[in-house]
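The block underneath contains the structure these notes are about, expressed in structure tokens.
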Amino acid sequence: MASRPNRCSSVRPERERGAALLTVLMLVAVIAVMAGSALEKLRLSTRLAGNAASIESARGFARAAETLALGRIDNLLGRDASRVTLAGEWSGQPFGLPLPGGGTAVARVADGGNCFNLNGLVVRTGAGTYASNPAARVQFARLMRLVGVPGQSAEGIAAAASDWIDSDGDQQASGAEDGTYLGLSPGYRTAGTLMADVSELRAVQGVTPDIYARLRPWLCALPVAQLSRVNVNTLLPEQAPLLAMLLPDTLGVEAARQVLLKRPPQGFDSAASFWAMPGLEQAGVGAQQTAVTTTWFRLDVDVTVGGSALEQHGLIDATRLPARVATRQWGEAS
């Protein structure tokens with residue numbers, strides 16, 4: 001008897017070949033996705049490495065511009081450290097550093113002590129300990145009123161800023177200590193030490209974004225617990241509130257501006273000669289906080305290289321020569 005053909009033997013191989021083809025296609029698809037992901041990660045890693053190299057290169061050029069600025073300050077003070085004026089148009093004027101590959105590095109130096117030093121709200125009482133300075137608190141509130149901050153808010157912010165820096169936990173009238181901030185969400189504590197940057201003021205009770213923006217041009221955070229001494233030879237007429245704040249509400253901003261406009265081109269040879277000008281009868285009040293020289297300078301550097309841009313801001317300490325960098329930070333000014 002002739003045997004019947006086995007139908008399954010002819011059908012099953014076709015199905016198996018189809019399943020094998022589908023498996024191969026799925027494997028190819030998975031491998032393609034994995035390869036694409038790996039290539040994307042490689043491309044991203046390459047880009048990140050390139051950006052990191054560009055940023056490091058930009059920081060190196062910023063340091064070079066920084067060194068050049070230090071040399072200029074040493075030369076400025078070396079000529080006559082007893083008097084610093086605006087002669088020579090050095091303040092705020094850009095000077096460039098030639099870079100390879102078409103990059104640019106531009107630095108600017110300006111007087112860094114013509115400001116209200118927030119760290120002057122306290123006095124040093126020991127190693128790392130500070131106590132409130134009532135006279136500085138009154139002066140800070142006066143400056144705030146002169147630039148348009150309401151009086152009640154100004155008093156509260158001045159007291160709270162002093163509480164933020166001082167080492168004790170005793171809350172001043174209208175001030176704010178840890179108990180005020182721990183009740184917020186999220187809660188935090190006061191610093192209990194000198195401010196490292198003016199931007200810390202934004203964490204102080206009563207300081208709104210509008211008030212901070214209004215105050216920022218007039219403030220600094222020098223790394224000393226002393227009120228800054230304003231150089232009457234470099235103070236610009238538009239900085240008149242910094243002069244008016246030195247007197248107990250006896251000199252308005254416009255009157256202070258007019259006094260600065262009458263400054264002789266060569267500047268004053270002493271703070272006493274400045275306070276001898278007509279209209280400044282309260283010389284004994286503000287003379288202790290003015291000078292005709294500068295010991296702190298502000299440095300701003302902008303670097304563009306390899307498709308990357310870098311901003312560096314620093315504070316130069318020229319209390320003794322050679323001058324040296326006291327602080328530096330990168331990114332937009334706070």
Side-chain angles (χ1 to χ4, degrees), residues 55 59 62-63 66 69-70 73 107-133 136-137 139-140 143-144 157-169 172 175-178 180-182 184 186-209 211-230 242 294-302 310-320 323-334:
I55 291 297
R59 287 190 177 184
R63 291 292 183 90
E66 188 179 273
L70 290 172
I73 291 172
R108 293 175 177 82
V109 172
D111 194 309
N114 288 343
C115 52
F116 179 87
N117 180 23
L118 290 171
N119 290 326
L121 288 167
V122 295
V123 292
R124 188 173 182 270
T125 56
T129 59
Y130 304 93
S132 176
N133 183 348
R137 192 170 66 247
Q139 189 176 103
F140 187 28
L143 172 63
M144 284 188 274
I157 292 171
S162 181
D163 278 337
W164 181 270
I165 303 172
D166 67 25
S167 304
D168 61 54
Q172 303 176 51
E177 282 288 355
D178 286 346
T180 301
Y181 302 104
L182 289 174
L184 302 176
Y188 53 94
R189 296 181 181 274
T190 59
T193 190
L194 300 182
M195 290 189 181
D197 188 77
V198 175
S199 59
E200 282 189 50
L201 186 66
R202 291 182 291 189
V204 171
Q205 175 76 8
V207 180
T208 65
I211 289 178
Y212 180 77
R214 190 179 293 270
L215 292 178
R216 181 62 186 89
W218 315 103
L219 306 179
C220 58
L222 305 180
V224 290
Q226 302 169 0
L227 286 171
S228 58
R229 300 184 69 188
V230 174
L242 294 171
T294 296
T295 55
W296 297 97
F297 292 86
R298 188 181 73 248
L299 172 65
D300 301 301
V301 181
D302 296 297
L310 175 73
E311 288 185 31
Q312 178 179 311
H313 308 279
L315 184 67
I316 295 175
D317 180 1
T319 52
R320 64 178 185 272
R324 58 196 182 280
V325 176
T327 63
R328 65 170 64 87
Q329 64 181 41
W330 295 275
E332 294 183 4
S334 57

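This is a predicted model, so every value here is computed, not measured.
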Test side-chain contact (heavy atoms from CB on, under 4.5 Å) applied to V122 and L194, step by step: CA-CA 8 Å; V122 295; L194 300 182; 3.9 Å; yes

Might you work through the side-chain contact (heavy atoms from CB on, under 4.5 Å) test for E177 and D168, ending with a clear yes or no? CA-CA 9 Å; E177 282 288 355; D168 61 54; 3.8 Å; yes

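Between R189 and D178 there is a salt bridge, since a side-chain N of the basic residue sits under 4.0 Å from a carboxylate O of the acidic one.
Atom CG of residue N117 and atom CH2 of residue W296 lie 9.0 Å apart, to the nearest 0.5 angstrom. Between the CD atom in E200 and the CD1 atom in I165 there is a gap of 8.0 Å [rounded to 0.5 Å]. Atom CZ of F116 and atom CG of L215 lie 10.5 Å apart (nearest 0.5 Å). With rounding to the nearest 0.5 Å, the separation of CZ in R328 from NE2 in H313 is 13.5 Å. Atom CG of N119 and atom CZ of R124 lie 13.0 Å apart (nearest 0.5 Å). Between the CD1 atom of I316 and the CG atom of L70 there is a distance of 4.5 Å, given to the nearest 0.5 Å.
Between S167 and G128, the shortest heavy-atom contact is OG-O, 3.9 Å. Scanning both residues, A203 and Y181, for their nearest heavy atoms gives O-CE2, 3.4 Å.
Screening E66, Q329, R59, R63 for a side-chain hydrogen bond (donor to acceptor under 3.5 Å, both in side chains) involving Q312 leaves a single residue, E66.
At a threshold of 4.5 Å between non-hydrogen side-chain atoms, the residues L201 and W164 do not count as touching.
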